[in-house]
Structure formats: structure tokens, C-alpha cells
Amino acid sequence: VAFVASYSTMKNRLSFRSITNHALRYDQLNSKRNRVRFSNSIIRRYIDSTALCSTINQRHEKIISSVRESLRNNLVLTHLSEHKSMKESYPHSRNSTAVLLLAVSGGCDSVALFHSVLALTRQPASHVNHNNTILCKQDNTRKEIARCLYLDSDDGTSLLRIPCELYVAHFNHEQRGENSDEDEALVRSLCNKANVPFYCYSWSDVTNDDNSSLATTNLTFSQDVARKWRRRQMIDLLTSLLNDPNHDNAKANRWGAILTAHHRDDAEETILLKLLRGAHITNLSGMEDRSEGFELDAPDNNHTIGYFAKPLLGVRKSDIFDYLIYHGYAWREDESNSESKYKRNKVRNQLIPLLCEIAGGEDALHVSCLG
């Protein structure tokens with residue numbers, strides 16, 4: 001009974017009902033041998049489920065730890081070291097604020113990025129106001145939620161905690177009908193629950209905006225055009241957020257970063273795509289954890305810096321799935337990812353499985369070919 005009770009608390013894929021049915025039949029087992037056999041079976045299944053949960057929990061911790069380490073070492077500490085005026089306030093920076101803009105599509109990767117970054121922040125209860133803190137692109141006023149980003153080292157020996165602001169940008173490409181709208185609805189719901197300001201951009205905004213840098217007489221949707229559109233909009237939004245004259249800390253030392261959800265599998269696909277294009281071996285690199293800092297337009301010649309960063313670059317797609325399933329987080333699947341319409345999809349869906357088969361498995365491919 002103790003094992004059954006403990007088993008019921010475990011998060012695993014085994015059916016508790018089947019265990020209960022076994023327990024109900026326990027009283028019908030008369031022989032001592034059967035009782036021992038039953039107990040051993042329960043113990044083995046309990047141990048197996050414990051090992052399974054331990055493995056999943058380790059992968060959960062891997063996501064959080066990897067995001068924390070990437071933000072700490074590749075973004076914040078590097079930025080502070082390059083800007084001496086900010087470094088003076090380390091490790092408890094009160095004179096600078098990190099403005100983090102998360103690109104969230106609603107897919108598993110970006111949803112994992114959203115939850116993992118959110119898990120590293122703390123929000124004072126006095127700042128929570130569900131009536132006026134959730135904002136959309138169409139609103140003219142902004143009211144940010146004060147947060148603190150906790151990037152302490154894993155062993156707790158080195159502290160790094162800085163004020164931060166979180167924002168989410170979502171892009172509705174309007175190419176998948178109702179599915180595109182449902183993606184937007186999911187991301188909007190996540191932001192509402194977490195008190196994170198939400199900004200949504202639609203593809204029709206580009207085609208209807210004569211002043212858009214992408215607007216042409218014959219603008220056709222493509223992956224390349226959409227990528228440029230997203231990049232331009234996120235830089236403009238980050239610039240606007242950093243230079244908001246109505247912000248309480250408008251004169252404070254604020255800097256920003258645009259976070260995307262690229263992971264290690266994406267980086268390996270990039271290497272293969274470069275190989276297929278005939279890139280020289282010296283140019284066969286994947287993705288950088290953080291871009292070089294770029295200056296953002298600011299009034300009064302203020303020095304404002306922005307970055308592109310990829311905090312999930314150290315984890316695999318399988319780790320992301322386990323993280324989301326472990327916590328029961330919902331995400332959306334883009335059915336076009338399973339199609340081989342685009343070259344990257346062909347590499348992901350056809351080439352990599354073939355290479356895995358030739359190399360002798362996924363692990364062998366990562367070690368021998370992709371490092």
C-alpha cells in the first residue's frame with residue numbers, strides 16, 4: 001500500500017489505474033510466493049518510474065540551467081565587461097536595466113524560451129495589476145512590470161541579479177488561416193497570465209503600409225522576406241521600448257536584447273545547409289550565442305545598445321519536448337514544418353534522418369560529424 005501511495009504521486013506515463021487494479025486483487029493472492037512476487041513487481045515498477053522521473057527532471061533542470069548560463073555569461077557579463085559604467089554596479093545592478101524582448105511564435109521552442117526566462121525572473125507583488133499591465137501593439141500607453149533577473153551561478157558562489165523588463169513580440173504571418181490566429185491566441189494568453197506586455201504584428205500590416213521598407217508593388221510572402229520583416233520590426237520595437245520618454249527610468253542606463261528560440265539542432269542544420277551551398281571549411285560555423293552589439297537610435301545622442309541572443313542554443317529539441325511535457329505547458333505545432341517545401345525542412349526531415357542511419361544513430365552522428 002505504501003508503494004502504491006508513493007507511486008500515485010509520480011509524474012510518469014504508467015497508468016495508476018492498472019496499479020490500483022493489481023492492488024485490489026492483492027487480497028485474493030493466498031500464497032506467500034504470490035505475495036512476494038506481487039511486492040517485487042510493484043517495487044520494480046516504482047524504481048523504474050522513479051528513474052524515469054529523475055531523468056525527465058534532470059532534463060528540466062538542464063533547460064533552466066542552460067538558459068541561465070547563456071544569459072549570464074554570453075549576454076549580461078559580456079555586456080557589463082564591455083561597458084565599464086555598468087560594471088561598477090555589478091553584481092546587484094541598480095543603475096542599469098536589461099530590456100528583454102522575446103520572439104514567441106507559439107511553437108514548442110519559443111514557448112520553452114518564454115517559460116524558462118520567466119522562471120529566472122522575480123516580480124514584486126506590489127507591481128501586479130491585472131487591469132492595466134497587459135498591453136498590445138495597438139495601445140498608445142505602456143506600463144512595464146518591474147522584475148529582477150536572477151542569474152546566480154549554479155553553485156551559488158557568484159551572484160548576478162539585475163533589474164529587467166520582459167516583453168513578447170508575436171508575428172502572425174497569416175499563411176495558415178485559423179491556425180495562425182490560434183497561434184496568436186495562445187501567445188496572447190500566456191502573456192496575460194504572466195503579466196508580460198504583448199505586441200502582435202500581422203503580415204497584412206506590411207502589405208497595407210506604404211511606408212514600410214518591405215512594401216513593394218508586388219510583395220510576395222517568402223521565408224527570406226518574412227525573416228527580414230521580423231528582424232526589422234523587433235529592432236524598431238526594442239528601440240521604442242528603450243527610448244520611451246514616459247518611462248519612469250527614461251534617463252537610466254538601459255540596454256536591450258532580442259531573444260530567439262534557436263536550439264542546438266537548428267545550429268547543426270545551419271552547418272549542413274552551408275555545406276550544401278559549398279561554403280569553405282573556415283566558414284562552417286553554426287550559430288552564435290549572441291550577436292555583436294548594435295547601436296539603436298536614441299534621442300539626445302544617448303548610447304543605447306541592443307543584441308540578438310539565443311539562450312537555448314545549448315539544448316536539443318528532445319530536451320525542450322521533455323521540459324514542456326514535464327510541466328504540462330501547452331504549445332502549437334506548425335503543420336508546415338513537416339512539409340519539405342523549404343530547404344531547411346528537407347535537411348531536417350530527410351537528410352538528417354538518413355545521416356543518422358548511415359552513422360549508426362543520432363548520437364553517433366552528433367559526435368562524429370557535427371561535434
Side-chain angles (χ1 to χ4, degrees), residues 53-104 109-128 144-168 190 194-196 249 252-264 288-291 293 305-316 319-320 322-324 326-327 329:
C53 291
S54 176
T55 300
I56 295 178
N57 187 58
Q58 289 175 1
R59 290 191 174 183
H60 150 64
E61 293 297 334
K62 180 179 180 180
I63 294 288
I64 300 296
S65 178
S66 180
V67 171
R68 182 194 299 114
E69 180 180 0
S70 179
L71 291 176
R72 174 187 172 87
N73 298 329
N74 301 324
L75 181 62
V76 175
L77 288 182
T78 303
H79 174 77
L80 293 177
S81 66
E82 294 174 354
H83 299 79
K84 304 300 182 181
S85 60
M86 295 184 181
K87 190 175 181 181
E88 295 176 357
S89 57
Y90 169 80
H92 297 286
S93 177
R94 299 295 181 186
N95 299 323
S96 66
T97 299
V99 178
L100 304 181
L101 176 60
L102 280 61
V104 183
D109 304 336
S110 61
V111 169
L113 174 67
F114 174 83
H115 286 293
S116 57
V117 172
L118 197 64
L120 295 174
T121 66
R122 306 281 175 82
Q123 177 181 315
S126 59
H127 288 81
V128 178
E144 294 79 11
I145 300 297
R147 298 175 185 269
C148 185
L149 185 62
Y150 284 70
L151 300 176
D152 301 348
S153 60
D154 289 336
D155 57 9
T157 58
S158 179
L159 303 181
L160 177 58
R161 302 169 185 180
I162 62 173
C164 76
E165 299 167 13
L166 289 186
Y167 303 88
V168 163
L190 291 175
N195 295 300
V196 176
N249 297 320
N253 201 347
R254 302 168 76 230
W255 58 280
I258 298 169
L259 308 185
T260 60
H262 296 90
H263 47 79
R264 188 173 177 182
E288 298 294 334
D289 297 278
R290 193 212 71 177
S291 70
I305 299 295
Y307 304 91
F308 279 93
K310 303 176 178 64
L312 290 176
L313 208 54
V315 300
R316 296 205 170 276
D319 297 323
I320 292 175
D322 287 339
Y323 171 73
L324 295 176
Y326 180 84
H327 287 284
Y329 293 142

Over all atoms of both residues, closest heavy-atom pair of [X] and [Y]:
{"X": "Ser110", "Y": "Ala103", "value": "CB-O, 3.7 Å"}
{"X": "Leu102", "Y": "Phe114", "value": "CD2-CA, 3.8 Å"}
{"X": "Thr121", "Y": "Cys164", "value": "CG2-SG, 4.0 Å"}
{"X": "Gly293", "Y": "Ile305", "value": "CA-CG2, 4.1 Å"}
{"X": "Val99", "Y": "Arg254", "value": "CG2-NH2, 3.6 Å"}

Practice prompt. Answer yes or no: is there a side-chain heavy-atom contact under 4.5 Å between Trp255 and Leu75?
Written response: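 Trp255 reaches Leu75 side chain to side chain.
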Fill in: Heavy-atom check, side chain of Thr78 versus side chain of Asn73, under 4.5 Å
no
Drop me the distance from [X]'s [atom1] to [Y]'s [atom2], to the nearest 0.5 angstrom.
{"X": "Tyr323", "Y": "Ile64", "atom1": "OH", "atom2": "CD1", "result": "4.0 Å"}
{"X": "Arg290", "Y": "Ile258", "atom1": "CZ", "atom2": "CD1", "result": "13.5 Å"}
{"X": "Asp289", "Y": "Glu69", "atom1": "CG", "atom2": "CD", "result": "9.5 Å"}
{"X": "Thr260", "Y": "Leu113", "atom1": "OG1", "atom2": "CG", "result": "7.5 Å"}
{"X": "Ile162", "Y": "His79", "atom1": "CD1", "atom2": "NE2", "result": "8.5 Å"}

Item to complete: Please lay out, stage by stage, how Ile320 and His263 fare under the test side chain to side chain contact (heavy atoms under 4.5 Å, CB included).
Response: CA-CA 9 Å; Ile320 292 175; His263 47 79; 3.8 Å; yes
Do any N or O atoms from the side chain of [X] and from the backbone of [Y] form a donor-acceptor pair under 3.5 angstrom?
{"X": "Ser66", "Y": "Ile63", "answer": "no"}
{"X": "Ser81", "Y": "Leu77", "answer": "yes"}
{"X": "Arg72", "Y": "Leu151", "answer": "yes"}
{"X": "Ser70", "Y": "Leu313", "answer": "no"}
{"X": "Asn74", "Y": "Leu71", "answer": "no"}
{"X": "Asp152", "Y": "Leu160", "answer": "yes"}

Discussion item. I'd like to know whether Val196 forms a side chain to side chain contact (heavy atoms under 4.5 Å, CB included) with Arg147, so could you lay out the CA-CA distance, the side-chain angles of the two residues, the decisive distance to 0.1 Å, and finally the verdict.
Written reply: CA-CA 10 Å; Val196 176; Arg147 298 175 185 269; 3.5 Å; yes
Practice prompt. Could you check Tyr329 against Leu324 for side chain to side chain contact (heavy atoms under 4.5 Å, CB included), going step by step and ending with a plain yes or no?
Written response: CA-CA 5 Å; Tyr329 293 142; Leu324 295 176; 3.8 Å; yes
Worksheet entry | SB check Glu288 Lys310 (cutoff 4.0 Å) |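 No, this pair does not count.
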Discussion item. Could you go through Arg264 and Val315, starting from their C-alpha distance and side-chain angles, then the distance that decides it, and tell me whether this counts as side chain to side chain contact (heavy atoms under 4.5 Å, CB included)?
Written reply: CA-CA 6 Å; Arg264 188 173 177 182; Val315 300; over 6 Å; no
